[in-house]
Amino acid sequence: MDRFYVTTPIYYVNDEPHIGHAFTTLNADAVARWHRMLGEDVFFLTGTDEHGLKIQRAAEENGLSPLEQADRTSVRFKEAWRSLNISNDDFIRTTEPRHHVAVQQLLQRCYDNGYIERGTYEGSYCVSCEAYYTDDELGEDRTCPIHKRPVEHMVEDNYFFKLSAFEDRLTDWLTNSPDAITPDGYRKEALGLIRQGLEDISISRTSIDWGVPVPWDDGHVFYVWYDALINYATAVGFGSDDARFEQWWPATHHMLGKDILRFHCVYWPAMLLAAGIEDLPTYHVHGFLLVSGEKMSKTSFNKISPTAMVEEFGVDGFRYALLRDHSFGPDSDFSYESMLSRYNSDLANTFGNLLQRVTTIVGKKCGGVAPAPRVDSPVADKAATAIAETIAGWAKFQAASGLDATWRLAREANELLSETEPWKLEPGPEVDAILGDALEALRIVALLGAPAMPEAMAAAWARLGLPGRPEEQRIADAAVWGQYPGGVTLPEGEPLFPRLKAT
RNA sequence: GGCGACGUAGCUCAGUUGGUGAGAGCGCUCGACUCAUAAUCGAGAGGUCGGGAGUUCAAAUCUCCCCGUCGCUACCA
């Protein structure tokens, strides 16, 4: 069976879950669900990143141990993902013992292979950034350009990773693997970063102890970034179950935002190569969600809470609107108004209303018993096109274009009804044929829409009188025109997606 | 400065390797219908595809220049 391993970044627990995190996680979830419906063996990972100075300091301020501090915030992500119905198979925390083992083994291998060396680093350090700055980067009065606070002069012994040794291999990889990073613009960007030259990077700290200890030198812990990336390997058995790791690793797909492209697409593959792991991941990079054209960041106040959106639109309404409105790749503008518009037009009007009117006509003209579709329906070809384009969209990790193609079929069904006006006809074969076709279109939309809206499409499935859930179907078998069985009595019900007014 | 991305109808965007008259959804105008969640369907208005030059029988699509917006150029999620 084909395997499919998909990850989100692990989110830093110093932050609250916001809609940017939700966007990445939701896309990964929908893709994971789609691949399960393709019949693949899927492993979907998310988690939290819990080491580093910021956590240590936050813990001190709150009178907690660092782990207690991390516990408190990690759980917020778990809760957020539960409220969004995220189907992750694992939730990794970098503070777990399994992760420490994996980090130590992977970096020990790099060390043994000669790619980690001891050195010293000295410079101006911003505590908030956990980063050093060069003099020309500092603001007035030697302040951090981000936080506008004074930097500290620090000197420390460090271990350095010989990133510079990997320029050629990384360039070859990205040149010879055109699909290594999608959309393609981000592959070019990664190549550009490499072309500008790679310098060795410091990967350990002596100034703090909240991290994974360097196995060959007690006084050091690994810098948070270089333990964090390794989580992807940990979760599929690196360091604990080699057979499992070898099964899953070649099927790795990382989904991430463009802000962390450098770490994921340059540093991480270099670390893997240094450890002797030749299979490199495939990457799917997205842009930022903007609010009124402004970048959302954790320091800005215009963050939008996913929880609030769920209360407004329902889990699946929010999931659909977010996935459908923001293609995976470019930056795009997020607004409440556009989300409301998308919900009403696609879910309440096009789909929900279609289900409602078809059900009603079946009640009036067919005694409530659903007819079967025509094999040679005029809608069949259009359905085949919509299905093919939906499959193509999801294959490219483009939920938005997949959903767009799916919804064209719902519009086709509405057009069919307007053209044939079955409510004016006497009961009989003609009415049955039209309504059977409409029901079949609804079945296919519910099937293909399930990765985006698992519960709502399951509800629609039930309203169509179908057994089980759409997610239990296999796309290759079920996404073929003509399978709606007919003969079942359709249950009545309230509108699936009530039309919403602006608040 | 260097690297990169983007700039297509009012809005959000599609437009594969250049080739039938430039598209979709939403919004708007008009009309139809009344089975349906003031939903649905049809028609229409609206674009010198940022500007200029060039290559070509032919360019939104290739080359160069310019303008505008933004990102990266950080050992920061």
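Within every chain, numbering begins at 1; the chains are lettered A, B, ... in the order of the sequence lines, protein sequences first and strands thereafter.
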Interatomic distance at P, C13(B) relative to C76(B), whole Å: 30 Å
Gap in Å between the two P atoms, one belonging to A60(B) and one to G7(B), rounded: 15 Å
U73(B) to A58(B) separation - C1' atoms, rounded to the nearest Å: 40 Å
Test item: side-chain donor near acceptor, Asp157(A) and His220(A), under 3.5 Å: no
Closest nucleotide among A5(B), A39(B), U73(B) to the Arg499(A) side chain: A39(B)
Sugar-phosphate only, base, or nothing, as touched by Phe161(A) at under 4.0 Å among non-hydrogen atoms: nothing
Separation of C13(B) P from Phe334(A) CZ (nearest whole Å): 14 Å
Ring-ring centroid check Phe328(A) His284(A), cutoff 6.0 Å: no
Euclidean distance for P, G25(B) against G42(B) (whole angstrom): 9 Å
For A38(B), the Watson-Crick or wobble counterpart (both distances under 3.5 Å): none
Rounded distance (Å) that lies between atom P of A5(B) and atom CZ of Arg187(A): 11 Å
Sugar-phosphate, base or nothing in reach of Glu189(A), heavy atoms under 4.0 Å: sugar-phosphate
Options U40(B), G2(B), G25(B), nucleotide nearest the side-chain atoms of Arg357(A): U40(B)
C1' atoms of C35(B) and G18(B), separation to the nearest Å: 48 Å
Minimum-distance nucleotide to Glu421(A) side chain [options: C35(B), A39(B), C33(B)]: C33(B)
A53(B) versus C41(B) - spacing of their P atoms, nearest Å: 44 Å
Side-chain donor-acceptor contact under 3.5 Å, Thr8(A) with Thr25(A): no
Ring centroid separation Phe288(A) to Phe23(A) under 6.0 Å: no
Nearest-Å distance once atom P is located in both C11(B) and A43(B): 24 Å
Below 4.0 Å: OP1/OP2 of A24(B) and any side-chain N or O of Arg408(A): no
Separation of atom OH in Tyr223(A) from atom P in A74(B), rounded to whole Å: 15 Å
Proximity of Tyr186(A) and His264(A) rings by center, below 6.0 Å: no
Phosphate OP1/OP2 of U40(B) contacted by Asn349(A) side-chain N/O (<4.0 Å): yes
Sugar-phosphate, base or nothing in reach of Ser202(A), heavy atoms under 4.0 Å: base
Stepwise ring-ring contact (aromatic ring centres under 6.0 Å, His included) check, Trp268(A) with Tyr283(A): CA-CA 11 Å; Trp268(A) 174 226; Tyr283(A) 296 88; 8.9 Å; no
Given G25(B), A36(B), C72(B), the nucleotide with the shortest approach to the side chain of Arg342(A): G25(B)
Sugar-phosphate, base or nothing in reach of Phe497(A), heavy atoms under 4.0 Å: base
Watson-Crick or G-U wobble mate for C64(B), both contacts under 3.5 Å: G52(B)
Touch class at under 4.0 angstrom, heavy-atom based, for Gly352(A) against every strand present: base
Residue pair Glu189(A), Lys258(A): steps toward the salt bridge (Lys or Arg N to Asp or Glu O under 4.0 Å) verdict: CA-CA 10 Å; Glu189(A) 196 151 329; Lys258(A) 67 179 185 180; over 6 Å; no
Shortest side-chain distance from Lys364(A), nucleotide among C3(B), C35(B), U37(B): C35(B)
Lys258(A) NZ - G71(B) P separation (whole Å): 8 Å
Atom pair distance, as rounded to whole Å: CG in Leu490(A) and C1' in C35(B): 14 Å
From U37(B), C76(B), U40(B), nucleotide with atom closest to Lys54(A) side chain: C76(B)
Check: Phe166(A) ring centroid to Phe161(A) ring centroid under 6.0 Å: yes
Closest to side chain of Ser418(A), choosing from C76(B), G2(B), U40(B): U40(B)
Phosphate-side-chain proximity, Lys424(A) and C33(B), N/O vs OP1/OP2 below 4.0 Å: no
Atom-to-atom span, CZ of Arg262(A) to P of G71(B) - whole angstrom: 16 Å
Euclidean distance, atom CD1 of residue Ile203(A) to atom P of A74(B) [Å, nearest integer]: 20 Å
Watson-Crick/G-U partner (both atom distances under 3.5 Å) of G23(B): C13(B)
Separation of the C1' atoms in U61(B) and G46(B), to the nearest angstrom: 24 Å
Rounded distance (Å) that lies between atom P of C26(B) and atom OH of Tyr336(A): 19 Å
Gln356(A) or Asp325(A), whichever maps to the more 5' nucleotide of RNA chain B: Asp325(A)
